[in-house]
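Down below is the structure, laid out as C-alpha coordinates.
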Number of protein chains: 2
Amino acid sequence: MFIKNLPHKTVERLSQYRRALLMILSKEKTHVFSHEIAQMLHITPVQVRRDLMLIGYSGNLRKGYDIKELIELIGKIIDSDRGQRVAVVGLGNLGKAIISYFKGKRSKLAIIAAFDVNPEKINRVYDGVACHHISQMTDIIKQNNISIGIIAVPSEQAPEIAETMVLAGIKGILNFTPKPLNVPPFVYLEEYDMITSLEKVAFFAKKNDERFK
Amino acid sequence: MFIKNLPHKTVERLSQYRRALLMILSKEKTHVFSHEIAQMLHITPVQVRRDLMLIGYSGNLRKGYDIKELIELIGKIIDSDRGQRVAVVGLGNLGKAIISYFKGKRSKLAIIAAFDVNPEKINRVYDGVACHHISQMTDIIKQNNISIGIIAVPSEQAPEIAETMVLAGIKGILNFTPKPLNVPPFVYLEEYDMITSLEKVAFFAKKNDERFK
DNA sequence: GTCAGTATGTGCTGGATTTCAAAAAGTCAA
DNA sequence: TTGACTTTTTGAAATCCAGCACATACTGAC
(Lines give C-alpha, C1' and ligand atoms only; values in the text may rest on other atoms or scores of the structure.)
Protein backbone atom coordinates (compact mmCIF):
# COMPACT_ATOMS: atom_id res chain seq x y z
CA MET A 1 0.00 0.00 0.00
CA PHE A 2 1.32 3.39 -0.99
CA ILE A 3 0.76 6.76 0.46
CA LYS A 4 2.74 9.39 -1.26
CA ASN A 5 5.27 11.21 0.85
CA LEU A 6 4.33 10.40 4.36
CA PRO A 7 6.25 12.79 6.66
CA HIS A 8 9.03 11.22 8.68
CA LYS A 9 7.44 12.21 11.91
CA THR A 10 4.17 10.67 10.94
CA VAL A 11 5.86 7.37 10.19
CA GLU A 12 7.38 7.39 13.65
CA ARG A 13 4.06 8.07 15.24
CA LEU A 14 2.29 5.39 13.24
CA SER A 15 4.66 2.88 14.72
CA GLN A 16 3.82 4.20 18.16
CA TYR A 17 0.10 4.22 17.49
CA ARG A 18 0.26 0.61 16.52
CA ARG A 19 2.00 -0.35 19.70
CA ALA A 20 -0.41 1.65 21.79
CA LEU A 21 -3.35 0.09 19.99
CA LEU A 22 -2.02 -3.40 20.51
CA MET A 23 -1.82 -2.70 24.20
CA ILE A 24 -5.46 -1.77 24.52
CA LEU A 25 -6.76 -4.40 22.13
CA SER A 26 -6.99 -6.87 24.96
CA LYS A 27 -9.11 -4.62 27.11
CA GLU A 28 -12.39 -5.70 25.50
CA LYS A 29 -12.56 -2.40 23.70
CA THR A 30 -13.14 -2.38 19.98
CA HIS A 31 -12.97 1.33 19.29
CA VAL A 32 -10.85 4.20 20.45
CA PHE A 33 -11.07 7.99 20.25
CA SER A 34 -8.30 10.21 19.01
CA HIS A 35 -7.96 11.84 22.38
CA GLU A 36 -7.40 8.49 24.03
CA ILE A 37 -4.53 7.66 21.73
CA ALA A 38 -3.23 11.18 22.15
CA GLN A 39 -3.21 10.92 25.89
CA MET A 40 -1.24 7.70 25.82
CA LEU A 41 1.49 9.23 23.71
CA HIS A 42 1.42 12.76 25.09
CA ILE A 43 0.48 14.47 21.91
CA THR A 44 -2.61 16.33 20.82
CA PRO A 45 -5.72 14.67 19.45
CA VAL A 46 -5.49 16.85 16.37
CA GLN A 47 -2.11 15.40 15.65
CA VAL A 48 -3.49 11.90 15.82
CA ARG A 49 -6.40 12.68 13.57
CA ARG A 50 -4.17 14.44 11.09
CA ASP A 51 -1.90 11.45 10.87
CA LEU A 52 -4.79 9.09 10.36
CA MET A 53 -6.15 11.39 7.73
CA LEU A 54 -2.83 11.19 5.91
CA ILE A 55 -3.07 7.44 5.70
CA GLY A 56 -6.65 7.75 4.58
CA TYR A 57 -8.38 6.15 7.53
CA SER A 58 -11.76 7.36 8.63
CA GLY A 59 -13.13 6.96 12.10
CA ASN A 60 -16.63 6.48 13.25
CA LEU A 61 -18.06 9.68 14.54
CA ARG A 62 -19.67 8.21 17.57
CA LYS A 63 -17.36 5.38 18.43
CA GLY A 64 -13.99 6.61 17.29
CA TYR A 65 -11.58 4.45 15.34
CA ASP A 66 -11.86 0.70 14.94
CA ILE A 67 -8.81 -0.63 16.71
CA LYS A 68 -8.37 -3.82 14.75
CA GLU A 69 -8.85 -2.21 11.38
CA LEU A 70 -6.46 0.54 12.24
CA ILE A 71 -3.73 -1.81 13.39
CA GLU A 72 -4.10 -3.70 10.18
CA LEU A 73 -3.99 -0.60 8.04
CA ILE A 74 -0.88 0.71 9.74
CA GLY A 75 0.71 -2.65 9.11
CA LYS A 76 -0.14 -2.44 5.45
CA ILE A 77 1.56 0.90 5.22
CA ILE A 78 4.68 0.62 7.28
CA ASP A 79 5.41 -3.07 6.94
CA SER A 80 6.66 -4.67 3.80
CA ASP A 81 4.38 -7.33 2.31
CA ARG A 82 6.97 -10.01 2.38
CA GLY A 83 8.58 -8.97 5.64
CA GLN A 84 12.09 -7.68 6.10
CA ARG A 85 15.04 -9.45 7.62
CA VAL A 86 17.41 -7.77 10.01
CA ALA A 87 21.00 -8.42 11.07
CA VAL A 88 22.75 -7.11 14.17
CA VAL A 89 26.48 -6.54 14.00
CA GLY A 90 28.23 -6.52 17.35
CA LEU A 91 27.04 -8.89 20.03
CA GLY A 92 28.23 -7.02 23.09
CA ASN A 93 25.84 -5.79 25.72
CA LEU A 94 24.16 -3.44 23.32
CA GLY A 95 23.71 -6.04 20.60
CA LYS A 96 22.25 -8.46 23.09
CA ALA A 97 19.96 -5.82 24.49
CA ILE A 98 18.65 -5.05 21.04
CA ILE A 99 17.95 -8.67 20.30
CA SER A 100 16.13 -9.13 23.60
CA TYR A 101 14.05 -6.06 22.98
CA PHE A 102 12.82 -7.24 19.64
CA LYS A 103 12.26 -10.79 20.63
CA GLY A 104 8.68 -11.85 20.22
CA LYS A 105 7.68 -8.40 19.09
CA ARG A 106 5.91 -10.07 16.17
CA SER A 107 5.64 -7.70 13.25
CA LYS A 108 7.11 -8.30 9.88
CA LEU A 109 10.54 -7.45 11.11
CA ALA A 110 12.73 -10.35 12.20
CA ILE A 111 16.29 -10.29 13.44
CA ILE A 112 17.70 -13.44 11.90
CA ALA A 113 21.46 -13.11 12.28
CA ALA A 114 24.13 -11.60 14.47
CA PHE A 115 27.81 -11.01 13.76
CA ASP A 116 30.82 -10.54 15.96
CA VAL A 117 34.56 -11.14 15.98
CA ASN A 118 34.87 -12.76 19.38
CA PRO A 119 35.49 -16.50 18.81
CA GLU A 120 33.60 -17.37 21.96
CA LYS A 121 30.44 -15.98 20.52
CA ILE A 122 30.66 -17.41 17.04
CA ASN A 123 28.35 -20.29 16.26
CA ARG A 124 26.38 -19.84 19.39
CA VAL A 125 22.76 -18.88 19.57
CA TYR A 126 21.65 -15.91 21.59
CA ASP A 127 17.94 -15.51 22.26
CA GLY A 128 17.15 -17.47 19.14
CA VAL A 129 19.59 -15.61 16.93
CA ALA A 130 22.70 -17.34 15.61
CA CYS A 131 26.01 -15.49 15.72
CA HIS A 132 28.52 -15.68 12.89
CA HIS A 133 31.95 -14.28 12.28
CA ILE A 134 31.99 -10.88 10.64
CA SER A 135 33.93 -12.25 7.70
CA GLN A 136 30.81 -14.14 6.69
CA MET A 137 28.64 -11.10 6.76
CA THR A 138 28.45 -10.43 3.04
CA ASP A 139 27.56 -14.00 2.17
CA ILE A 140 24.94 -14.43 4.83
CA ILE A 141 23.30 -11.13 4.09
CA LYS A 142 23.01 -12.02 0.44
CA GLN A 143 21.91 -15.59 0.96
CA ASN A 144 19.20 -14.67 3.42
CA ASN A 145 18.09 -11.58 1.69
CA ILE A 146 18.67 -9.42 4.73
CA SER A 147 17.74 -5.85 3.99
CA ILE A 148 18.32 -4.06 7.27
CA GLY A 149 21.44 -3.78 9.38
CA ILE A 150 21.93 -2.64 12.95
CA ILE A 151 25.38 -1.44 13.92
CA ALA A 152 26.25 -2.02 17.57
CA VAL A 153 30.03 -2.29 17.47
CA PRO A 154 32.61 0.06 18.99
CA SER A 155 32.64 3.38 17.15
CA GLU A 156 35.93 2.96 15.35
CA GLN A 157 34.70 -0.07 13.48
CA ALA A 158 31.41 1.42 12.42
CA PRO A 159 32.45 2.92 9.07
CA GLU A 160 33.94 -0.32 7.88
CA ILE A 161 30.88 -2.32 8.90
CA ALA A 162 28.63 0.16 7.18
CA GLU A 163 30.58 -0.11 3.99
CA THR A 164 30.41 -3.87 4.02
CA MET A 165 26.69 -3.72 4.60
CA VAL A 166 26.16 -1.39 1.68
CA LEU A 167 28.20 -3.58 -0.63
CA ALA A 168 26.26 -6.61 0.50
CA GLY A 169 23.05 -4.94 -0.56
CA ILE A 170 21.57 -3.71 2.71
CA LYS A 171 18.81 -1.13 2.20
CA GLY A 172 18.58 0.49 5.61
CA ILE A 173 20.98 0.97 8.51
CA LEU A 174 20.33 1.79 12.13
CA ASN A 175 23.54 3.10 13.64
CA PHE A 176 23.95 2.98 17.40
CA THR A 177 27.47 4.35 17.46
CA PRO A 178 28.08 8.06 17.85
CA LYS A 179 30.14 8.05 14.68
CA PRO A 180 28.39 9.72 11.74
CA LEU A 181 28.47 7.42 8.74
CA ASN A 182 28.63 7.92 5.02
CA VAL A 183 26.29 5.89 2.87
CA PRO A 184 24.99 6.28 -0.67
CA PRO A 185 21.59 7.89 -1.12
CA PHE A 186 19.80 4.66 -1.90
CA VAL A 187 20.54 3.37 1.58
CA TYR A 188 18.47 4.82 4.37
CA LEU A 189 20.49 5.71 7.44
CA GLU A 190 19.16 6.43 10.89
CA GLU A 191 21.53 7.62 13.59
CA TYR A 192 20.67 6.68 17.12
CA ASP A 193 22.95 8.63 19.36
CA MET A 194 22.68 7.96 23.08
CA ILE A 195 25.22 10.50 24.15
CA THR A 196 23.52 13.32 22.34
CA SER A 197 20.19 12.25 23.81
CA LEU A 198 21.54 12.23 27.31
CA GLU A 199 23.17 15.61 26.89
CA LYS A 200 19.93 16.92 25.53
CA VAL A 201 18.05 15.65 28.55
CA ALA A 202 20.67 17.24 30.79
CA PHE A 203 20.29 20.56 29.05
CA PHE A 204 16.53 20.74 29.18
CA ALA A 205 16.41 19.34 32.69
CA LYS A 206 18.65 22.17 33.78
CA LYS A 207 16.58 24.68 31.89
CA ASN A 208 13.30 23.38 33.24
CA ASP A 209 14.68 23.47 36.69
CA GLU A 210 15.54 27.13 36.40
CA ARG A 211 12.21 27.97 34.89
CA PHE A 212 10.10 26.32 37.53
CA LYS A 213 11.98 27.73 40.43
CA MET B 1 25.24 30.96 30.58
CA PHE B 2 21.87 31.65 29.05
CA ILE B 3 20.78 31.77 25.50
CA LYS B 4 17.11 32.30 25.18
CA ASN B 5 15.19 29.59 23.42
CA LEU B 6 17.78 27.53 21.71
CA PRO B 7 15.98 25.21 19.26
CA HIS B 8 15.95 21.54 20.22
CA LYS B 9 17.75 20.59 17.09
CA THR B 10 20.48 23.08 17.74
CA VAL B 11 21.04 21.68 21.20
CA GLU B 12 21.45 18.23 19.71
CA ARG B 13 23.91 19.47 17.16
CA LEU B 14 25.92 21.39 19.74
CA SER B 15 26.47 18.15 21.56
CA GLN B 16 27.65 16.61 18.30
CA TYR B 17 29.87 19.55 17.45
CA ARG B 18 31.56 19.21 20.76
CA ARG B 19 32.25 15.55 20.23
CA ALA B 20 33.59 16.20 16.76
CA LEU B 21 35.77 19.02 18.03
CA LEU B 22 37.21 16.89 20.78
CA MET B 23 38.18 14.32 18.21
CA ILE B 24 40.22 16.77 16.17
CA LEU B 25 41.70 18.64 19.12
CA SER B 26 44.53 16.17 19.29
CA LYS B 27 45.52 16.64 15.69
CA GLU B 28 47.69 19.67 16.42
CA LYS B 29 45.08 21.90 14.87
CA THR B 30 43.89 24.90 16.80
CA HIS B 31 41.22 26.20 14.45
CA VAL B 32 38.53 24.71 12.29
CA PHE B 33 36.29 25.97 9.48
CA SER B 34 32.56 25.59 9.39
CA HIS B 35 32.79 23.40 6.33
CA GLU B 36 35.10 21.02 8.12
CA ILE B 37 32.69 20.53 10.97
CA ALA B 38 29.88 20.25 8.50
CA GLN B 39 31.58 17.53 6.56
CA MET B 40 32.17 15.44 9.65
CA LEU B 41 28.52 15.50 10.57
CA HIS B 42 27.02 15.46 7.08
CA ILE B 43 25.30 18.74 7.33
CA THR B 44 25.80 22.05 5.55
CA PRO B 45 28.33 24.67 6.61
CA VAL B 46 25.53 27.20 6.81
CA GLN B 47 23.84 25.11 9.41
CA VAL B 48 26.97 25.07 11.49
CA ARG B 49 27.47 28.79 11.25
CA ARG B 50 23.85 29.42 12.04
CA ASP B 51 24.07 27.35 15.19
CA LEU B 52 27.24 29.06 16.29
CA MET B 53 25.63 32.37 15.60
CA LEU B 54 22.76 31.40 17.89
CA ILE B 55 25.13 30.79 20.74
CA GLY B 56 26.89 34.04 19.96
CA TYR B 57 30.26 32.72 18.95
CA SER B 58 32.27 34.49 16.31
CA GLY B 59 34.92 32.86 14.24
CA ASN B 60 38.07 34.25 12.83
CA LEU B 61 37.65 35.07 9.21
CA ARG B 62 40.94 33.66 8.14
CA LYS B 63 41.42 30.78 10.48
CA GLY B 64 37.91 29.67 11.27
CA TYR B 65 36.76 28.87 14.77
CA ASP B 66 39.05 28.39 17.74
CA ILE B 67 38.53 24.79 18.72
CA LYS B 68 39.34 25.08 22.37
CA GLU B 69 37.29 28.19 22.92
CA LEU B 70 34.36 26.69 21.12
CA ILE B 71 34.43 23.48 23.12
CA GLU B 72 34.49 25.55 26.25
CA LEU B 73 31.64 27.75 25.16
CA ILE B 74 29.45 24.81 24.21
CA GLY B 75 30.18 23.39 27.62
CA LYS B 76 29.10 26.60 29.27
CA ILE B 77 25.83 26.45 27.45
CA ILE B 78 24.77 22.85 27.54
CA ASP B 79 26.45 21.71 30.71
CA SER B 80 25.40 22.74 34.14
CA ASP B 81 27.99 24.70 36.14
CA ARG B 82 28.13 22.27 38.95
CA GLY B 83 27.77 19.17 36.81
CA GLN B 84 24.85 16.79 36.82
CA ARG B 85 24.71 13.32 38.26
CA VAL B 86 23.03 10.45 36.51
CA ALA B 87 21.54 7.15 37.68
CA VAL B 88 20.76 4.11 35.55
CA VAL B 89 17.90 1.89 36.62
CA GLY B 90 18.03 -1.64 35.28
CA LEU B 91 21.40 -3.30 34.95
CA GLY B 92 20.59 -5.81 32.25
CA ASN B 93 22.35 -5.80 28.92
CA LEU B 94 20.98 -2.43 28.04
CA GLY B 95 21.93 -0.83 31.32
CA LYS B 96 25.42 -2.20 31.04
CA ALA B 97 25.73 -1.05 27.47
CA ILE B 98 24.73 2.45 28.48
CA ILE B 99 27.27 2.57 31.25
CA SER B 100 30.02 1.34 28.95
CA TYR B 101 29.12 3.89 26.36
CA PHE B 102 29.39 6.78 28.74
CA LYS B 103 32.44 5.58 30.52
CA GLY B 104 35.29 8.02 30.30
CA LYS B 105 33.25 10.32 28.12
CA ARG B 106 34.31 13.14 30.43
CA SER B 107 31.85 16.01 30.38
CA LYS B 108 29.97 17.26 33.33
CA LEU B 109 27.67 14.30 33.16
CA ALA B 110 28.58 11.38 35.38
CA ILE B 111 26.73 8.15 35.90
CA ILE B 112 27.27 7.55 39.58
CA ALA B 113 24.77 4.87 40.51
CA ALA B 114 22.91 1.90 39.10
CA PHE B 115 19.86 0.10 40.45
CA ASP B 116 18.45 -3.34 39.92
CA VAL B 117 16.42 -5.98 41.73
CA ASN B 118 18.61 -8.98 40.99
CA PRO B 119 20.42 -9.90 44.26
CA GLU B 120 23.44 -11.08 42.32
CA LYS B 121 24.03 -7.61 40.99
CA ILE B 122 23.47 -5.65 44.15
CA ASN B 123 26.54 -4.25 45.84
CA ARG B 124 28.76 -5.05 42.93
CA VAL B 125 30.53 -2.53 40.80
CA TYR B 126 30.10 -2.50 37.06
CA ASP B 127 32.50 -0.43 35.01
CA GLY B 128 33.08 1.83 37.95
CA VAL B 129 29.42 2.22 38.85
CA ALA B 130 28.03 0.68 42.02
CA CYS B 131 24.72 -1.16 41.86
CA HIS B 132 22.11 -0.89 44.60
CA HIS B 133 18.73 -2.39 45.20
CA ILE B 134 15.85 -0.44 43.75
CA SER B 135 14.33 0.04 47.18
CA GLN B 136 17.20 2.37 47.98
CA MET B 137 16.65 4.49 44.96
CA THR B 138 14.88 7.41 46.60
CA ASP B 139 17.45 7.75 49.34
CA ILE B 140 20.47 7.50 47.13
CA ILE B 141 19.08 9.92 44.58
CA LYS B 142 18.43 12.48 47.27
CA GLN B 143 21.67 11.98 49.12
CA ASN B 144 23.79 12.27 46.02
CA ASN B 145 21.80 14.97 44.40
CA ILE B 146 21.22 12.96 41.27
CA SER B 147 19.20 14.96 38.79
CA ILE B 148 18.95 12.68 35.78
CA GLY B 149 17.58 9.18 35.49
CA ILE B 150 17.90 6.60 32.75
CA ILE B 151 15.26 3.90 32.60
CA ALA B 152 16.47 0.61 31.18
CA VAL B 153 14.17 -1.88 32.85
CA PRO B 154 11.55 -4.11 31.24
CA SER B 155 8.64 -2.01 29.94
CA GLU B 156 6.08 -3.02 32.52
CA GLN B 157 8.14 -1.63 35.33
CA ALA B 158 8.91 1.66 33.66
CA PRO B 159 5.94 3.71 34.95
CA GLU B 160 6.63 2.78 38.54
CA ILE B 161 10.31 3.61 38.23
CA ALA B 162 9.50 6.93 36.63
CA GLU B 163 7.16 7.83 39.42
CA THR B 164 9.72 7.01 42.04
CA MET B 165 12.27 9.11 40.21
CA VAL B 166 9.96 12.08 40.05
CA LEU B 167 9.16 11.84 43.74
CA ALA B 168 12.84 11.61 44.54
CA GLY B 169 13.41 14.89 42.76
CA ILE B 170 14.85 13.86 39.41
CA LYS B 171 14.74 16.65 36.83
CA GLY B 172 15.20 14.78 33.58
CA ILE B 173 14.44 11.25 32.42
CA LEU B 174 15.74 9.32 29.44
CA ASN B 175 13.39 6.43 28.81
CA PHE B 176 14.65 3.46 26.84
CA THR B 177 11.50 1.43 27.14
CA PRO B 178 8.82 1.64 24.47
CA LYS B 179 6.28 2.51 27.14
CA PRO B 180 5.24 6.16 27.02
CA LEU B 181 5.48 7.66 30.47
CA ASN B 182 3.61 10.31 32.34
CA VAL B 183 5.61 12.90 34.19
CA PRO B 184 4.81 16.37 35.50
CA PRO B 185 5.79 19.32 33.31
CA PHE B 186 8.75 20.32 35.42
CA VAL B 187 10.48 17.05 34.58
CA TYR B 188 11.96 16.79 31.12
CA LEU B 189 11.27 13.48 29.46
CA GLU B 190 12.99 12.10 26.41
CA GLU B 191 11.71 8.89 24.87
CA TYR B 192 14.30 6.81 23.16
CA ASP B 193 12.42 4.18 21.32
CA MET B 194 14.40 1.51 19.50
CA ILE B 195 11.42 -0.25 18.05
CA THR B 196 10.06 2.88 16.47
CA SER B 197 13.49 3.67 15.07
CA LEU B 198 13.83 0.26 13.55
CA GLU B 199 10.37 0.35 12.06
CA LYS B 200 11.15 3.72 10.61
CA VAL B 201 14.32 2.42 9.02
CA ALA B 202 12.36 -0.52 7.65
CA PHE B 203 9.76 1.78 6.14
CA PHE B 204 12.17 4.13 4.42
CA ALA B 205 14.44 1.31 3.34
CA LYS B 206 11.48 -0.27 1.62
CA LYS B 207 10.49 3.02 0.09
CA ASN B 208 14.00 3.86 -1.07
CA ASP B 209 14.29 0.49 -2.59
CA GLU B 210 11.19 1.00 -4.70
CA ARG B 211 12.27 4.44 -5.74
CA PHE B 212 15.75 3.51 -6.91
CA LYS B 213 14.69 0.50 -8.85
C1' DG C 1 47.83 49.76 -2.92
C1' DT C 2 44.81 46.99 -5.43
C1' DC C 3 42.52 42.95 -6.47
C1' DA C 4 41.30 38.17 -6.30
C1' DG C 5 40.07 34.63 -3.20
C1' DT C 6 37.96 32.58 0.69
C1' DA C 7 35.22 32.36 4.95
C1' DT C 8 32.04 34.28 8.12
C1' DG C 9 27.43 36.61 9.46
C1' DT C 10 22.63 37.01 8.39
C1' DG C 11 18.03 38.58 6.01
C1' DC C 12 14.97 36.17 3.62
C1' DT C 13 12.64 32.31 1.22
C1' DG C 14 10.76 27.77 1.15
C1' DG C 15 9.42 23.46 2.97
C1' DA C 16 7.87 20.61 6.52
C1' DT C 17 5.07 20.07 10.52
C1' DT C 18 1.85 21.44 13.97
C1' DT C 19 -2.04 23.78 15.57
C1' DC C 20 -6.28 26.49 15.05
C1' DA C 21 -10.87 26.81 13.89
C1' DA C 22 -14.83 25.93 11.61
C1' DA C 23 -17.69 22.68 9.01
C1' DA C 24 -19.92 18.20 8.86
C1' DA C 25 -22.00 14.38 10.86
C1' DG C 26 -23.81 11.00 14.12
C1' DT C 27 -26.37 10.19 18.66
C1' DC C 28 -29.16 10.88 22.50
C1' DA C 29 -32.86 13.02 25.08
C1' DA C 30 -37.00 15.24 25.44
C1' DT D 1 -38.47 16.21 15.23
C1' DT D 2 -35.50 19.25 17.14
C1' DG D 3 -31.54 20.70 19.56
C1' DA D 4 -27.49 19.98 22.37
C1' DC D 5 -23.39 17.47 22.55
C1' DT D 6 -19.46 15.10 20.94
C1' DT D 7 -16.13 13.73 17.62
C1' DT D 8 -14.20 13.61 13.10
C1' DT D 9 -12.63 16.05 8.92
C1' DT D 10 -10.05 19.49 6.71
C1' DG D 11 -8.80 24.29 4.92
C1' DA D 12 -5.87 27.74 6.54
C1' DA D 13 -2.68 30.03 9.64
C1' DA D 14 1.25 29.71 12.48
C1' DT D 15 5.55 27.86 13.74
C1' DC D 16 9.81 25.84 13.27
C1' DC D 17 13.81 24.82 10.81
C1' DA D 18 17.17 24.52 6.89
C1' DG D 19 19.34 26.51 2.98
C1' DC D 20 20.22 30.17 -0.36
C1' DA D 21 22.58 34.09 -1.58
C1' DC D 22 24.66 38.17 -0.72
C1' DA D 23 27.01 41.62 2.15
C1' DT D 24 31.13 41.92 4.84
C1' DA D 25 35.74 41.30 6.15
C1' DC D 26 40.39 39.62 6.18
C1' DT D 27 44.67 37.90 3.69
C1' DG D 28 48.14 37.41 0.44
C1' DA D 29 50.03 38.03 -4.22
C1' DC D 30 51.62 41.15 -7.33
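So that the names make sense, note that chain A is the first sequence line, chain B the second, and so on, each numbered from 1.
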Interatomic distance, A/I37 CD1 vs D/dT7 P [rounded to whole Å]: 13 Å
Whichever of A/N60 and B/Y65 has the more 5' nearest nucleotide on DNA chain C, that residue is B/Y65
Which nucleotide sits closest to the side chain of A/V46: C/dT18, C/dG9, C/dT19? C/dT19
Of the nucleotides C/dT10, D/dG19, D/dT9, which has the atom closest to the B/T44 side chain? D/dG19
Please check this pair: side chain of B/S100 against backbone of B/K96, looking for a donor-acceptor N/O pair closer than 3.5 Å. yes
Ring pair (Phe, Tyr, Trp, His ring centres under 6.0 Å) pairs touching residues 156-180 of chain A, sequence neighbours excluded, are A/F176-A/Y192
Which whole-number value in Å describes the distance from A/Q47 CD to C/dA16 P? 16 Å
Residue pairs fulfilling salt bridge (charged side-chain N to carboxylate O under 4.0 Å, His left out) with at least one residue in residues 43-62 of chain B, sequence neighbours excluded: B/R13-B/D51
Check if the side chain of B/R50 and the base of D/dG19 share a donor-acceptor pair of N or O atoms closer than 3.5 Å. yes
A/E36 CD to D/dT6 P: how many Å, rounded? 15 Å
A/D51 or A/L61, whichever maps to the more 5' nucleotide of DNA chain C: A/D51
From A/H132 atom NE2 to A/L91 atom CG, the distance as rounded to the nearest 0.5 Å: 11.5 Å
Quick one: A/R49 CZ to D/dG11 P, roughly how many Å, whole number? 15 Å
Are any of A/R62's side-chain N or O atoms less than 4.0 Å away from OP1 or OP2 of C/dT27? no
In whole angstrom, what separates A/L52's CG from D/dT9's P? 8 Å
Step through the shown structure and confirm whether more than 12 heavy atoms of other residues, nucleotides or ligands are within 6.0 Å of CD on A/E36. yes
Kindly give the heavy-atom pair with the smallest separation between B/V187 and B/I170, and that separation in Å. CG2-O, 3.5 Å
Taking the axis from the first five pairs and the axis from the last five, what angle separates them in the helix from C/dG1-D/dC30 to C/dA30-D/dT1, rounded to 10 degrees? 10°
Can you check whether B/E190 reaches A/K200 side chain to side chain, under 4.5 Å on heavy atoms? yes
Grab the CZ-C1' distance between B/F33 and C/dT6 for me, whole Å please. 8 Å
Give the rounded distance in Å between these two atoms: NZ of B/K63 and C1' of D/dG28. 15 Å
Whole-Å distance separating the CG atom of A/L14 from the P atom of C/dT17: 13 Å
Within less than 4.0 Å of OP1 or OP2 of D/dT9, is there a side-chain N or O belonging to A/S58? yes
